[in-house]
Amino acid sequence: METQFARGSMRDPRAGEMAFHEWHARWWQARVVELHTLRGDASSIKNHVLPHWADWEMRAITRMDVQSWIRGLVEEGVGASAIKRACNLLSSIMRAAVDDDVIAVSPCRNIDLPQIAIRPPQWFTLDQAQSIVDELPAPWRTMCLLGFYTGLRWGELTGLHRHRIDQRRSRLFVVEVNTKSGIKEYPKSSRSRREVPLPLNVLDALDRHIHPLDRDALVFTTVTKGRAGRRLDDGNWRRQTWWPAIENAHYFGTDGEQLPVPHYPPHSMRHTCASWLVQKGVALRGPAPPRPRELPDHPALRPPAAGRAQGSAGSLGAFGRPADLCSVDNSSCPLACVGCALRPTYRAS
């Protein structure tokens, strides 16, 4: 038996006597993930995993123990998404223990999790989008025009550099993204690195915005006195810019009544772009996406200084809700949604 241990063909049963918190510390130090992922995982483990499992022996944890833990989290009122993340982390810890011969099998098998509530599609009509642009401070009108017309994600918008805009060809290239950890030299997935067409009204606004910028400068940065030129922070920008604009934005309904704009987050600009493309006849589902030069003209949303496009706003009024656009494994979407579209099986992208 000692020979088998030495050759690695037999697991030492005493290894399973290790306390969970000891194995967690070893597992945590060995992880190779993004910094912002570490922050979120650390919070989940601190709040939901370690309080329950810290003093358990690794070998003593059974599948039923894990299922009972999940039930306890549900009864405590923990959200379904938070429970799923905590369970995934526990499962990762246990898989690593199996790989390292600490335990024989993982107890995180066939665990029933609470269903995550499906969020309905969130998108703006042309009138709603125009009213938001009207309420935005001048520096942010161009950024939101770009968001509505191109469907770029927040990190792609705020990680855009001046030299990635091809003014001659009316294109921009998505390469860098802005994250809480800094500018990353690659976007969310390999499909996300892409070329995006620019409507003329957006290109004109961009031309004016980027004219004074250096070639390698970020296109959109902070403008607060004493802090200008810094990378934008998602939470700060929402709190200081987006939500105040949403609060003050109103549009006129079909009966002429003034209505508040729906309280949707900035990511809804991406969904809005997808919706407008569908309403203009672009098939986001199919064997191949349309090439950039084949994309139809967008509705004429303009900054307030350029005037409201009343005719275009009216022409969009006859369109209904957006179609069921894509699935998680769909590879034909020109927006490179990677599952973040308006399908009922919505997953945040």
Side-chain angles (χ1 to χ4, degrees), residues 118-154 157-158 198-206 208-209 220 223 232 234 237-282 284 295-325 335 337 340-343 346 348:
I118 298 172
R119 290 186 293 176
Q122 297 179 336
W123 60 283
F124 297 105
T125 65
L126 180 62
D127 275 343
Q128 292 168 352
Q130 182 67 69
S131 65
I132 294 170
V133 171
D134 288 350
E135 294 296 335
L136 286 168
W140 309 122
R141 292 172 187 163
T142 299
M143 188 174 85
C144 287
L145 279 174
L146 189 61
F148 279 123
Y149 278 113
T150 63
L152 296 186
R153 300 178 179 91
W154 164 263
L157 274 172
T158 57
L198 295 172
L200 288 179
N201 59 324
V202 178
L203 183 63
D204 288 344
L206 269 177
R208 294 190 295 271
H209 181 85
F220 303 110
V223 295
L232 290 172
D234 184 17
W237 191 83
R238 289 185 186 217
R239 184 173 60 256
Q240 298 171 6
T241 303
W242 180 261
W243 293 124
I246 293 290
E247 288 285 346
N248 295 325
H250 293 78
Y251 70 102
F252 289 98
T254 54
D255 58 356
E257 181 183 3
Q258 192 177 47
L259 302 171
V261 166
H263 280 228
Y264 296 154
H267 192 72
S268 295
M269 291 189 290
R270 178 169 171 79
H271 294 175
T272 298
C273 178
S275 174
W276 288 356
L277 286 173
V278 170
Q279 294 172 20
K280 283 293 185 176
V282 177
L284 302 189
L295 290 177
D297 293 334
H298 290 264
L301 180 66
R302 301 191 183 99
R308 292 289 296 272
Q310 300 291 349
S312 296
S315 67
L316 278 178
F319 288 93
R321 296 179 62 81
D324 182 8
L325 296 179
L335 300 178
C337 287
C340 175
L342 308 176
R343 186 172 166 81
Y346 175 92

For the student: nearest non-hydrogen atoms of [X] and [Y], plus distance:
| X | Y | answer |
| --- | --- | --- |
| Thr150 | Cys273 | C-SG, 3.6 Å |
| Ala245 | Leu136 | CB-CD2, 3.7 Å |
| Ile246 | His263 | CG2-CD2, 3.6 Å |
| Trp242 | Cys144 | CZ3-SG, 4.0 Å |
| Gln258 | His250 | CG-CB, 3.6 Å |

Query raised in the report: Less than 4.0 Å between a side-chain N and a carboxylate O, is that true for Arg238 and Asp234?
Result: yes
To the nearest 0.5 Å, what is the distance between [atom1] on [X] and [atom2] on [Y]?
| X | Y | atom1 | atom2 | answer |
| --- | --- | --- | --- | --- |
| Leu145 | His209 | CG | NE2 | 11.5 Å |
| Leu157 | Thr142 | CG | OG1 | 11.5 Å |
| Thr272 | Leu277 | OG1 | CG | 11.0 Å |
| Ile132 | Asp127 | CD1 | CG | 11.0 Å |
| Asn201 | Leu206 | CG | CG | 10.0 Å |

Any non-hydrogen side-chain atom of [X] less than 4.5 Å from a side-chain atom of [Y]?
| X | Y | value |
| --- | --- | --- |
| Pro262 | Gln122 | no |
| Trp276 | Leu126 | yes |
| Trp237 | Thr158 | no |
| Gln130 | Tyr251 | no |
| Phe124 | Val261 | yes |
| Leu232 | Met143 | yes |
| Trp123 | Tyr264 | no |
| Tyr149 | Leu198 | no |

Query raised in the report: Given the rule in the side-chain contact (heavy atoms from CB on, under 4.5 Å) test, do Trp154 and Met269 qualify, once you have shown the distances and angles that lead to the verdict?
Result: CA-CA 9 Å; Trp154 164 263; Met269 291 189 290; over 6 Å; no
